[in-house]
Visitor: 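Let me begin by handing over the structure; questions about it come next.
It should be emphasised that the depicted structure is a prediction, and the values quoted were computed from it without experimental measurement. Proteins come first, then strands; the chains are lettered A, B, ... in the order of their sequence lines, and each starts at number 1.
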There are 2 protein chains.
Amino acid sequence: MRMSQGVEWAVHTLINLGCLDDDEPVSTTRLASGHDLPRAYLNKQLQQLVKAGLLESVPGARGGFRLARPPEAITLLDAVDAIEGGGALFRCTEIRQCGTIGARGAGGDFSVACAVKSSIGLAERMWRETLAGQTIAAIQAEALAHAPGMASAVRHAYGRD
Amino acid sequence: MRMSQGVEWAVHTLINLGCLDDDEPVSTTRLASGHDLPRAYLNKQLQQLVKAGLLESVPGARGGFRLARPPEAITLLDAVDAIEGGGALFRCTEIRQCGTIGARGAGGDFSVACAVKSSIGLAERMWRETLAGQTIAAIQAEALAHAPGMASAVRHAYGRD
DNA sequence: GTGCGAATACTCGGATACCGCGTGTCCGAGTAAGTGAGG
DNA sequence: CCTCACTTACTCGGACACGCGGTATCCGAGTATTCGCAC
């Protein structure tokens, strides 16, 4: 159960795009060279962010990607779900109803959710709520607090000079 | 990022073993047929629980597995880590330091943890804490509340008749 | 009847295949900019 | 000088390989039971 590496790329890219003050799109080439990432593969991840409605893509020459919403309106959960697909971490297969135990214990009420599913689901809800409570804007502010030069570095790397 | 199916098997098995009132080991064959699971593969998962110190294994004829600790002393986190390996969900590769942005932003303080890492790490800590706060005994009690016959079904399936 | 040894049946444990998903790459469709000729 | 069509260069988007980890299985090492035989 390891998180896809694309999540880290996606979040940093969203933060960087949030550092710009115009709406000009930034090409995959510039976004990739900004953090030494494989251009083609990063493009694949960006396409998923577009599908999720976090980015807008501009095709053709001088095209690229820009934020579809202000950074304050994009949460970590949005980014994680966009890359990972949004499915639940734990998927209950109801084995409690199978086999000799499930058959014999049929006197129980199977309409009530499985206790194992509920317990792990609670932890998963905490995880998702904590992700949903943090916006790209907030993370960007935290990063800028310890590296104030980042904003100008981003603007330079993205051709805003 | 999907959780291994073995986690569900492991937790249900731990709960079932907690329903017994003696210390006789239960063989993989009985544990598997209790929920219609593939015997050989379940055995692999049980071995991981042994390595993690949650189960004790008894070799030879009439051998099997039994709880190494009382159900009150086994948490969901113990089970998940035993099956999944215990590594972090998100692994930061420090791409913030790479590429034109990382190089130019070198004025920043890289000794401070990456803001992205911290943010996702916070969510991950919530996940792990919630898992650690739930014991096998508690889940078992919840399950028995809605299916009181389960305990006797388990004892029957495991040859305690 | 009793004790002992071999045969037996059963169990865990690690070594061995299979498959799907994450990872990485490539090429085609489409668009804006640049260029040069004609009016 | 202005307009316009063509060429060019660049970009996104989806289709195409590769490798690793989860999934599933099998066989060997080891032990308690059981059976048979000698005493």
Side-chain angles (χ1 to χ4, degrees), chain A residues 1-10 13 17 24-52 54-66 68 80-87 89-91 93 95 158-159, chain B residues 1-10 13 17 24-33 35-52 54-66 68 80-91 93 95 158-159:
Chain A
M1 187 178 52
R2 198 180 91 266
M3 207 163 194
S4 168
Q5 190 163 10
V7 171
E8 184 180 7
W9 303 357
T13 300
L17 286 174
E24 294 300 306
V26 181
S27 72
T28 304
T29 302
R30 284 218 156 100
L31 291 171
S33 65
H35 287 301
D36 263 347
L37 305 176
R39 181 183 52 181
Y41 189 32
L42 174 64
N43 183 271
K44 194 187 186 73
Q45 315 285 358
L46 296 177
Q47 285 176 35
Q48 296 187 251
L49 295 181
V50 171
K51 274 191 179 172
L54 306 185
L55 290 183
E56 285 175 2
S57 68
V58 178
R62 310 265 308 173
F65 298 87
R66 67 167 149 252
V80 170
D81 276 352
I83 301 296
E84 295 291 337
L89 297 182
F90 175 77
R91 255 156 292 210
T93 58
I95 65 171
Y158 291 173
Chain B
M1 186 178 52
R2 199 179 92 266
M3 205 164 195
S4 168
Q5 190 164 11
V7 172
E8 184 179 9
W9 303 359
T13 300
L17 286 174
E24 294 299 308
V26 180
S27 73
T28 303
T29 301
R30 284 219 155 100
L31 292 171
S33 65
H35 287 301
D36 264 348
L37 305 176
R39 180 183 52 181
Y41 189 32
L42 174 64
N43 184 272
K44 192 185 187 71
Q45 315 286 359
L46 297 178
Q47 285 175 34
Q48 296 187 252
L49 295 182
V50 171
K51 274 190 181 174
L54 306 185
L55 291 183
E56 286 175 2
S57 67
V58 178
R62 307 267 307 174
F65 298 87
R66 65 167 151 254
V80 171
D81 275 353
I83 300 297
E84 296 290 338
L89 297 182
F90 175 78
R91 254 155 292 207
T93 58
I95 65 171
Y158 290 174

Visitor: Taking ring-ring contact (aromatic ring centres under 6.0 Å, His included) as the test, write out the residues that go with B/Phe90, two or more places apart.
Guide: none
Visitor: Output side-chain donor-acceptor pairs under 3.5 Å for residues 34-42 of chain A, partner residues at least two apart or in another chain, one line each.
Guide:
residue: A/His35; atom: ND1; partner: B/Ile95; partner atom: O; Å: 2.8
residue: A/His35; atom: NE2; partner: A/Asn16; partner atom: ND2; Å: 3.0
residue: A/Tyr41; atom: OH; partner: A/Gln45; partner atom: NE2; Å: 3.1

Visitor: Does a side-chain heavy-atom distance below 4.5 Å link A/Thr93 with B/Glu8?
Guide: yes
Visitor: How long is the line joining CD of A/Glu84 and C1' of C/dG22, in whole Å?
Guide: 9 Å
Visitor: Nearest 0.5 Å please: distance from the CD1 atom of B/Ile83 over to the NZ atom of B/Lys44.
Guide: 11.0 Å
Visitor: Would you say the side chain of B/Val50 lies within less than 4.5 Å of the side chain of B/Glu56, judging by non-hydrogen atoms?
Guide: no
Visitor: Quickly work out the B/Gln45 CD to D/dG21 C1' distance and round it to whole Å.
Guide: 13 Å
Visitor: Does OP1 or OP2 of C/dT25 have a side-chain N or O of A/Tyr41 closer than 4.0 Å?
Guide: no
Visitor: Within this structure, what is the CE-to-C1' distance between A/Met1 and D/dC20, rounded to whole angstrom?
Guide: 17 Å
Visitor: Rounding to a whole Å, what distance do you find between B/Leu55:CG and C/dG13:P?
Guide: 10 Å
Visitor: Could you state the CZ-C1' distance from B/Arg2 to C/dC19, rounded to the nearest angstrom?
Guide: 12 Å
Visitor: Reading nucleotides 11-19 of chain D from the 5' end, what letters show protein touch, with B for base, S for backbone sugar-phosphate only, - for no heavy atom under 4.0 Å?
Guide: SSBBB----
Visitor: Specify the separation, in whole Å, of atom CD of A/Gln48 and atom P of C/dT23.
Guide: 10 Å
Visitor: Measuring only between side-chain heavy atoms, which start at C-beta, is A/Glu24 closer than 4.5 Å to A/Arg66?
Guide: no
Visitor: Could you give the CD1-to-P distance, from B/Ile83 to D/dT23, as a whole number of Å?
Guide: 10 Å
